[in-house]
Participant: 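The following block contains the structure, expressed as structure tokens.
Residue numbers start at 1 and run along the sequence shown.
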Amino acid sequence: MSTLKVPAVAPSHRDDAMQIYRAFKGIGCDAAAIINIIAHRDATQRSLIEQEYESTYGHELRKRLSSELTGHLKKAVLLWMHEPGERDAFILKKALKGAVKDQKAVTEIVCSRTPSQIGQLKRAYFSNVGSNLEDDIEAELSGEHKKLLLAFLTTSRYEGPEYDETLVEEDAKALNKAARKFGLTGKTFIQIFSDRSRAHLCAVSDIYKTMFKKTLEKAIRDETHKNFEYALKTILRCAEGPPRFYAKALRKAMKGIGTADTDLIRIVVTRAEVDMHYIKAEYRKKYGKTLNDAVYSDTSGHYRTFLLALLGNNN
């Protein structure tokens, strides 16, 4: 469920484009006016505003936003302006081919998506980047992390709630055996985590704890490392519930000294129109404070205003 607050009767995209154009006039720009419009329009409305702006004023809105805004606000607004499918492709391209590779972002985008979403993602990536996502992951990543992501991208998985209880028990035993035998961990975990449905993995996680008196996530933590570990935990946590995964990721982004603003921006922007309402509820339940309050404490200025607008009411 989205947290985006769109006016009941939104102004025409022509009026919005004109107000944004006026916000650019003079010395500097009126960032508050831009936020007041952009942060309260859905993906379709934002696309229409872009089209109207270019048609009326002769240049691309995103390029003007890029030249007028700065810092974290600029990064957040430009990411927000992408159409959702195009946005994921943009994040992956930058994470894979940028000056500094962001394997965490690649893992999060790929391993948090359902099979049908992955199909859309691969098509959007090819359309916007001009190459196959699998080929770029093959070229840019390595080791068991790469093998897992490639298997996850290319394997068909059932999306329904049913699962085979006998196979669930067999998988739990196989994972436990792999966790105790050096050299088997990667192959077995990759095969099961890339092939099984979310409902099936949840059932495996439950029975694993009952059978072996430790959680499956602890087994992953004990026997795998770095990006491969994060990918397995992302798949498992999203199987158990994407809001729980994102609540934890947001907490980590804002915990301790400094804020991981790239992670914070990516999660807030990509989930605001999807399931941020549930992520906020999970965050409050798990950490005893609202996500809005956490973002308010860890950000400032117009950047803070923009993120809080996407998060909606403080609940």
Participant: Output yes when a side-chain donor or acceptor of E273 lies under 3.5 Å from a complementary backbone atom of A43, and no otherwise.
Facilitator: yes
Participant: In terms of hydrophobic clusters joined by side-chain contacts under 4.5 Å, are I35 and V6 together?
Facilitator: yes
Participant: Of the non-hydrogen atoms in L232 and F193, which two are nearest, and what is the gap between them?
Facilitator: O-CE2, 3.5 Å
Participant: Strictly distance-based, threshold 3.5 Å: is any side-chain N or O of T234 a donor or acceptor partner for the main-chain N or O of S112?
Facilitator: no
Participant: So for atom NZ, which belongs to K255, do other residues, nucleotides or ligands contribute more than 12 heavy atoms lying within a distance under 6.0 Å?
Facilitator: no
Participant: Does atom CZ (R244) have a neighbourhood of more than 12 heavy atoms from anything else shown, all under 6.0 Å?
Facilitator: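 Atom CZ in R244 is not packed in, count stays at 12 or less.
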Participant: Do V168 and D164 pass the side-chain contact (heavy atoms from CB on, under 4.5 Å) test, and can you show the C-alpha distance, the side-chain angles, and the key distance before you say yes or no?
Facilitator: CA-CA 6 Å; V168 164; D164 183 330; 5.9 Å; no
Participant: Shortest non-hydrogen contact from E108 to I267?
Facilitator: OE2-CG1, 3.8 Å
Participant: Honestly curious: do M211 and Y163 fall in one hydrophobic cluster under the side-chain, below-4.5 Å linking rule?
Facilitator: yes
Participant: Report yes or no: do N292 and K280 form a side-chain donor-acceptor pair below 3.5 Å?
Facilitator: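 Judged by distance alone, the side chains do pair up.
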Participant: Does the pair K146 and E138 meet the rule for a salt bridge (Lys or Arg N to Asp or Glu O under 4.0 Å), with working shown?
Facilitator: CA-CA 7 Å; K146 177 179 78 174; E138 175 69 46; 2.9 Å; yes
Participant: Tell me, do E282 and Y287 make a side-chain contact under 4.5 Å, heavy atoms counted?
Facilitator: no
Participant: Enter the distance from I91:CD1 to D102:CG here, rounded to the nearest 0.5 Å.
Facilitator: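 The CD1 atom of I91 sits 9.5 Å away from the CG atom of D102.
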Participant: Hey, does the side chain of N36 reach the backbone of A32 with a donor-acceptor pair shorter than 3.5 angstrom?
Facilitator: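 Side chain of N36 to backbone of A32: no pair is present.
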Participant: Are side-chain heavy atoms of L69 and K75 found at a separation under 4.5 Å?
Facilitator: no
Participant: Parallel, tilted or perpendicular, judged at 30° and 60°: which one describes the rings of H72 and Y303?
Facilitator: tilted
Participant: Give a yes or no on whether M276 and Y278 share a hydrophobic cluster (residues Ile, Leu, Val, Met, Phe, Trp, Tyr; joining criterion: side-chain heavy atoms under 4.5 Å apart).
Facilitator: no
Participant: So with a 6.0 Å cut-off around OH of Y21, is the heavy-atom count from everything else above 12?
Facilitator: no
Participant: Decide salt bridge (Lys or Arg N to Asp or Glu O under 4.0 Å) for R64 and E68; before the verdict, give the C-alpha distance in whole Å, the side-chain angles of both, and the deciding distance to 0.1 Å.
Facilitator: CA-CA 6 Å; R64 190 64 190 270; E68 295 285 349; 3.0 Å; yes
Participant: Counting distance only, does the side-chain N/O of S55 pair as donor-acceptor with the main-chain N or O of Q51 below 3.5 Å?
Facilitator: no
Participant: Please check if the number of heavy atoms outside K122 that lie under 6.0 Å from its NZ is greater than 12.
Facilitator: yes
Participant: Among residues at least two apart in sequence or on other chains, which ones pass salt bridge (charged side-chain N to carboxylate O under 4.0 Å, His left out) with K218?
Facilitator: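 Scan of K218 (salt bridge (charged side-chain N to carboxylate O under 4.0 Å, His left out), adjacent residues dropped) gives D222.
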Participant: If every non-hydrogen atom of A17 is compared with every non-hydrogen atom of E52, which pair is closest and at what distance?
Facilitator: CB-CG, 3.8 Å
Participant: Using a 4.5 Å cut-off on heavy atoms from C-beta on, say whether the side chain of S12 contacts that of Q45.
Facilitator: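 Side chain of Q45 against side chain of S12, heavy atoms only: no contact under 4.5 Å found.
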Participant: With a 3.5 Å cut-off and no angle check, do the side chains of H145 and Q103 form a donor-acceptor pair?
Facilitator: yes
Participant: Check the pair E159 / S197 against side-chain contact (heavy atoms from CB on, under 4.5 Å), numbers first and verdict last.
Facilitator: CA-CA 6 Å; E159 295 191 54; S197 70; over 6 Å; no
Participant: Would D88 and H82 count as having a side-chain donor-acceptor pair, cut-off 3.5 Å?
Facilitator: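 On atom types as modelled, these side chains do not qualify, holding no pair under 3.5 Å.
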Participant: I'd like to know whether L96 forms a side-chain contact (heavy atoms from CB on, under 4.5 Å) with K101, so could you lay out the CA-CA distance, the side-chain angles of the two residues, the decisive distance to 0.1 Å, and finally the verdict.
Facilitator: CA-CA 5 Å; L96 285 167; K101 289 183 177 59; over 6 Å; no
Participant: Using the ring of F152 (Phe, Tyr or Trp, six-membered ring only), decide whether R157 places NZ or CZ under 6.0 Å from its centre and within 45 degrees of its axis.
Facilitator: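 Yes, R157 lies over the aromatic ring of F152.
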Participant: Between the side chains of D195 and T155, does any donor sit under 3.5 Å from an acceptor?
Facilitator: no
Participant: Determine, stepwise, if the pair L65 / K74 fulfils side-chain contact (heavy atoms from CB on, under 4.5 Å).
Facilitator: CA-CA 7 Å; L65 288 167; K74 172 181 173 178; over 6 Å; no
Participant: Are V110 and L79 linked, directly or through intermediate hydrophobic residues, by side-chain heavy-atom contacts shorter than 4.5 Å (ILVMFWY only)?
Facilitator: yes
Participant: Is there a path of hydrophobic side-chain contacts, each under 4.5 Å between heavy atoms of I, L, V, M, F, W or Y residues, that connects V77 with L48?
Facilitator: no
Participant: Is a side-chain donor or acceptor of E140 paired with a backbone partner of I137 at a separation under 3.5 angstrom?
Facilitator: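 Pair absent, no side-chain N/O of E140 close to backbone of I137.
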Participant: Salt bridge or not for R62 and E86, using N-O below 4.0 Å?
Facilitator: yes
Participant: Does atom NZ of K147 have more than 12 heavy-atom neighbours from other groups under 6.0 Å away?
Facilitator: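 12 or below, so no.
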Participant: Between Y125 and D136, do the side chains contain an N or O donor and an N or O acceptor separated by less than 3.5 Å?
Facilitator: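 The answer is yes; a qualifying pair exists.
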Participant: Between S205 and E240, does any side-chain donor sit less than 3.5 Å from a side-chain acceptor?
Facilitator: yes
Participant: Mind running salt bridge (Lys or Arg N to Asp or Glu O under 4.0 Å) on E217 and R237 for me, showing each step along the way?
Facilitator: CA-CA 9 Å; E217 184 163 328; R237 289 171 182 171; 2.5 Å; yes
Participant: So which atom in L311 and which in T3 form the shortest heavy-atom distance, rounded to 0.1 Å?
Facilitator: O-CB, 3.3 Å
Participant: CD of E162: more than 12 outside heavy atoms within 6.0 angstrom?
Facilitator: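 Counting other residues, nucleotides and ligands, CD of E162 exceeds 12 neighbours.
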Participant: For the atom pair CD (E83) and CZ (R46), what is the distance rounded to the nearest 0.5 Å?
Facilitator: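 Nearest 0.5 Å value for the CD-CZ distance: 9.5 Å.
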Participant: Please answer whether the main-chain N or O of L4 pairs with a side-chain N or O of S2 as donor and acceptor at a distance below 3.5 Å.
Facilitator: yes
Participant: Checking T290 against Y296: is there a side-chain donor and acceptor pair closer than 3.5 Å?
Facilitator: no
Participant: Judged by atom type as modelled, is there a donor-acceptor pair below 3.5 Å linking the side chain of Q117 to the main-chain atoms of T114?
Facilitator: yes
Participant: Rounded at 0.5 Å granularity, tell me how far OG in S66 sits from CG in L78.
Facilitator: 5.0 Å
Participant: To the nearest 0.5 Å, what is the distance between CZ (F126) and OG (S131)?
Facilitator: 8.0 Å
Participant: Fit a plane to each ring of Y53 and Y57, take the angle between them on a 0 to 90° scale, and name the class: parallel (under 30°), tilted (30 to 60°) or perpendicular (over 60°).
Facilitator: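 Tilted: the ring planes of Y53 and Y57 meet at 30° to 60°.
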Participant: Under 3.5 Å, is there a donor-acceptor pair between the S47 and E50 side chains?
Facilitator: no
Participant: What's the shortest heavy-atom distance between N315 and R284, and which atoms?
Facilitator: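 Closest heavy-atom pair between N315 and R284: C-NH1, 3.6 Å.
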Participant: Where the side chain of N132 meets the backbone of D135, is there a donor-acceptor pair that is under 3.5 Å apart?
Facilitator: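 Looks like no, no N/O pair under 3.5 Å.
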Participant: Can you see whether S116 engages Q120 through a side-chain donor-acceptor pair at a distance of less than 3.5 angstrom?
Facilitator: no
Participant: So if I apply the side chain to side chain contact (heavy atoms under 4.5 Å, CB included) rule between I192 and each of L201, V204, L167, which one comes out positive?
Facilitator: L201
Participant: Find out whether M254 and V295 are in side-chain contact, i.e. whether some heavy atom of one side chain is under 4.5 Å from a heavy atom of the other.
Facilitator: yes
Participant: For atom CZ of R251, is the number of surrounding heavy atoms from other residues, nucleotides or ligands below 6.0 Å larger than 12?
Facilitator: yes
Participant: Compare every heavy atom of A231 with every heavy atom of L149, then report the nearest pair and how far apart it is.
Facilitator: CD1-CB, 4.0 Å
Participant: Nearest 0.5 angstrom please: L250 CG to D263 CG, how far?
Facilitator: 9.0 Å
Participant: Starting at OH of Y246, measure out to CZ of R271 and round the result to the nearest 0.5 Å.
Facilitator: 4.0 Å
